[in-house]
Each structure stands twice: as structure tokens, then as C-alpha cells.
**Q** 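This structure is in C-alpha cells; I'll ask about it shortly.
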There are 2 protein chains.
Amino acid sequence: METVLRSAKGTVIIGPERPTVLIGERINPTGRKRLAAALKSNDLSLVRKEAIAQVRAGADVLDINVGVKGIDEVDLLSGAVRLVMEKVDVPLAIDTADVHALARALEVYRDLAPQGKPLVNSVNGEEKRLAEVLPLVKEHGAAVIGLCMGDEGVPSTVEKRVKIARKIVEQAEALDIPPTDVVIDCLAMAVAADQMAGRVTLETIHRVQEELGVNMTLGTSNASFGLPERQTIDQAFLAMAIQAGVNCPIVDVAKVRAAVLATDLLLGRDDYAERYIQAYRERARDR
Amino acid sequence: METVLRSAKGTVIIGPERPTVLIGERINPTGRKRLAAALKSNDLSLVRKEAIAQVRAGADVLDINVGVKGIDEVDLLSGAVRLVMEKVDVPLAIDTADVHALARALEVYRDLAPQGKPLVNSVNGEEKRLAEVLPLVKEHGAAVIGLCMGDEGVPSTVEKRVKIARKIVEQAEALDIPPTDVVIDCLAMAVAADQMAGRVTLETIHRVQEELGVNMTLGTSNASFGLPERQTIDQAFLAMAIQAGVNCPIVDVAKVRAAVLATDLLLGRDDYAERYIQAYRERARDR
């Protein structure tokens, strides 16, 4: 099962036997004070900088989230999408809770990449959200991330998360959005707050892979929140999540790309270790 | 299924839901010129030093291998076992291809730890080796590592490796050595030489876990041989191997313990992240 994303000139394919696709997470003001402040004053220079830096670090797709309180997200998101598309040529994940901002950003994406196919981040299991977002996904021929959470938040059991994943895939299919265009996010929660959090996520990934076979993303860095040496946890989690079925995690690319390439190599997805060695040479050269 | 190892005063339990047990690999002259030279001149001071350093770094068990050409391994191995047992109190994995050296070392172990239970490293699928080693394992009430290789070397297929694992477990059972006393090593080979090597090992681990349910070790560092930034590969491999069923890898403990503790934490085997945080504090204190 392969998910195809397209920018103006490029194509990214997400699939189980392929090298892991990295979605750059850094254009997101959550927990980033400087970016939040810049966005509040309509300053997109940091967005441009982060876009260029992440693609240089090896991001295959960029997530674009400009959600801060007190801004006009409709204008700001479409402006950010336009700017990033002018500066770099990778498909985008349009990340917003505001359906109007999403609609406008999708229009901008279509204007600049008429044959393009973005990723919508995200829908979840809530009826209202499904009803708002899926028609836009269908209209624009986009792919969509489906979060394993519903009206009652993030379920603590594997069973309930898998049930939501199935519901999202089925509701998408009812609108003629094929399962190849649905990317499930099994959701990582902080292990410092709940010691079973990592395990529940990994088991959910395993189940979704076996039962639905769809492609999966994951924002792995949530797991290590509140703990020391977070990178050690993030990298171990990524390796296990990819082994279990995640194939397009949302990550800080510069920090984790080497670990992801090592994981791909060990899973037999890097012929002659070419990508691993090439990335090593690039890092050595940039130092 | 739990494997119990015992030193003179301590007990180590290897089991699927327990924290990963770390077997320290550094008392082994392979690829270590200084240690090899010291052993050739009957100098065990480095062995003592490595024993103390590895236990301080968090090793739960120590592997003892003194195999260099031109020495009397019977004397040297039993001398090393005696010295290490006098200096540190962890169970040992007695690692030798020489059955006479094994027999003598097991006697020394019994003398110094009459209620002890060491790990014999190793037997493999060869009839000759099974016939030599298993009776000693039985006689001393030891546990034994079974390598997934046979008369024709290390098989390249998952199927053949699982078949050897099963053969070893069955032949042990025929001598009344229970499966709890057999620890299987699915064998890691260099991915630089064979791009499917990591994947074959991981799939073998998965199959052995499902079909035999025995505990497993693995010398993960072989996988990264010949590649740059080996630690990145080793840590990703450990995370995936532990997720698949390895629960007592043979490792350079100081280098990989943080990654293993992160893996245990994410697999729900570290209540309140206590071990992860404690190890972080110890490292911070030692710096």
C-alpha cells in the first residue's frame, strides 16, 4: 500500500518496503517561543529559514503549523504555505485545527502545484471533524493523517485506538478516499506520565499494520517529554516504531536522521548501505 | 519463561517482561590487540580492570573469553574466571570453543560459587559440539547459549536458523536441560557485507520468540562492522532486537546502556522511569 505525495516538481512515495519518509516538524510554534512571537507579528522569516534548513537536513516533507493565539490563521497559514512552496520543493503537510485555514491553504497549494498532492494534518475520530475535513481532502485529492483519538480524547487502550483508526479509514472510503490516502497516527504520549504509554503506542502500530495495512506517521518526540537525554529515548522509539510499521514519522530531521537511516539499513531498506554512508559523508563535510 | 543465573551471592533473572539483562562483552581478545598481548604473556591485570569497569557501568553478567593462539586456554580461562569471581559478584558467561577449558572453568565456578549457575557460551547445531558441551551444561546445572549455526556455518535464511534453534532446544531437553536454561543467539552479521543481514536476524528473533518462546541473547555490534558511526547502528539494532525478543544482549555496556534503558522504558519495563533516571544521574555524577 503506497501513499503518494506531490509538490510542484517532486514526488514522495510512502510505503512499507521503502526507505522511511521524514516529515520535518520544526515549523510549529508549540513550545518554540521565538517562532510563536515571530508569527504573532506576521513575520515569516523564521518559517523560511526552518524550511530551508530542514530540507537541507534531509526532510522529505515539511509540516506547516502556524497556530498561535491571536493571529488570523487563515491568512497566516496560506502565506506560510506560499512562502515555503516558493523556497523549497517538497510536498507539505498542512497542519491546522482551523477548517477555514485548511481550505484556503489547500487552494494556495493547488495554485502553486496544480498537479500536487499535499497531506492534510489532520482528522481524528470525532464526527464533526470527519465531516468538516474529509470533503476537503476529497475535493483536493489530498492525503490525510488520521489521529487515533476521538470525542473522549486519546484512549489509553490499544483496542480503542485501533477502533478509531478503522473508523477513520472506513469513513474516508465512504467518500471515495482510498486507504492509500489515509496515514494513521497512533499517537505517542509521555512515558514520564504513564509508564505504559510507549508500549500502548507500539502495540497499536503493530495492530494497525496487521489489521488495516495503512501507512503510519508518529510524532515520536512526545514520548520523552519531561525526561533527561531525550534524544536517546527518541531514537530508540523511532527504531521500534519503524520496525512496527511507522513509515513517515514527524521529527526534528537534523537530530534523528542518522538513527532513522541506521534503522532502514538494518531492516534491509538501504541497498549497499548507500543512503546511510552518503548521509554520513554529508554530515562530515558540513562539520 | 525465565532463565536464572547465579553468582556466589547474587541472582540474575532473564525473562520476557523483565528489564533487559546486559552481558558485558569486553573480556574478549578478538579485535583488542592490547588485551590479546597481555593474555599471551599470562597477564590478567586488564581482565581484572575490565571486569570492575563493566560492572560499574551496569553489566549484569560478564562474558569471559581469553581465546588467543599460543596460550594454554585451560589454565588461562580458569585463572580468569577465578580472578573475576574474586573481584566482582555477577554471574559469568564462560566463553570458549575448547571443551577442556570449559570443563575446568566450570569446576572453578562451582568451587567459588557452590550454589552458582553460570552461562556456557556456547553450543551450536553441530552434532559434535552438542555431544561435547550439553553433558557439561547438565552436570554443572548451568544455562547455555545456543548459536543458530551448524556444520555449514551461519545459514542465510530465517528458516534454517530457526530450525537450528529448535534442534538445540530439543537436544537439550533430551538431556533434561529445560528450555529455560537455553538462551538462543540468532546471530548478527555485518550489514555492510549483506544488506539483508539485519533483517534476517530480526525476523529470526521474532520467529524464535513466537515458536520456541526461549530467552535470547545477541552480539549486536557485529552488524555495524565496517560502517561509520557504528554506535548509531548498534543502538537502533538493540532497540529493534529487544522489541523482537532479545532480553540479554552481549554488549559494550558503557556505550549502550542508556539506549537499552530507554528501550525498556518505552516497552513498559521501567516503572516510573526509575532505572532510566537513576542511570542518567550516575552518568552525570561520573562526568
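Lettering follows sequence order; numbering is per chain, from 1. Heavy atoms only: backbone and side chains are in, while hydrogens, waters and symmetry mates are out.
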**Q** Looking at B:R283, B:M240, B:E229, which has the largest count of heavy-atom pairs under 4.5 Å with chain A?
**A**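 Greatest number of close heavy-atom pairs with chain A: B:M240.
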**Q** How close do A:I168 and A:G125 get, counting heavy atoms only, and between which atoms?
**A**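 Heavy atoms of A:I168 and A:G125 come nearest at CD1-N, 3.9 Å.
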**Q** Donor-acceptor pair, distance only, cut-off 3.5 Å: does the side chain of B:R161 make one with the backbone of B:L187?
**A** yes
**Q** As an exercise: rank B:A259, B:A239, B:A244 by heavy-atom pairs under 4.5 Å with chain A and give me the winner.
**A** B:A239
**Q** Would you check if the side chain of A:S224 reaches a backbone N or O of A:L227 as a donor-acceptor pair within less than 3.5 Å?
**A**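 No.
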**Q** When only heavy atoms count and the cut-off is under 4.5 Å, which of residues 265-281 of chain B reach chain A?
**A**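 The residues closer than 4.5 Å to chain A, in numerical order, are B:L265, B:L266, B:L267, B:G268, B:D270, B:D271, B:Y272, B:A273, B:Y276, B:I277, B:Y280.
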**Q** Can you tell which part of B:A223 gets under 4.5 Å to a heavy atom of chain A, answering side chain, backbone, both or neither?
**A**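 Answer is side chain: those atoms of B:A223 sit under 4.5 Å from chain A.
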**Q** Quick one: salt bridge (Lys or Arg N to Asp or Glu O under 4.0 Å) pairs with a partner in residues 230-254 of chain A, sequence neighbours left out?
**A** A:R26-A:D252, A:D252-A:K255
**Q** Work out which heavy atom in B:L5 is nearest to a heavy atom in B:V61; give both atom names and the distance.
**A** CD1-CG2, 3.9 Å
**Q** Heavy atom to heavy atom, less than 4.5 Å: which residues from residues 198-221 of chain B reach chain A?
**A** B:G198, B:R199, B:L202
**Q** Residues of residues 10-18 of chain B under 4.5 Å from chain A (heavy atom pairs)?
**A** B:E17
**Q** Does the side chain of B:D185 come within less than 4.5 Å of B:S122's, by heavy atoms?
**A**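 The answer is no, as the side chains (C-beta and beyond) never meet within the 4.5 Å cut-off.
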**Q** Have A:N28 and A:D63 got a donor and an acceptor in their side chains that come within less than 3.5 Å?
**A**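 On atom types as modelled, these side chains do not qualify, holding no pair under 3.5 Å.
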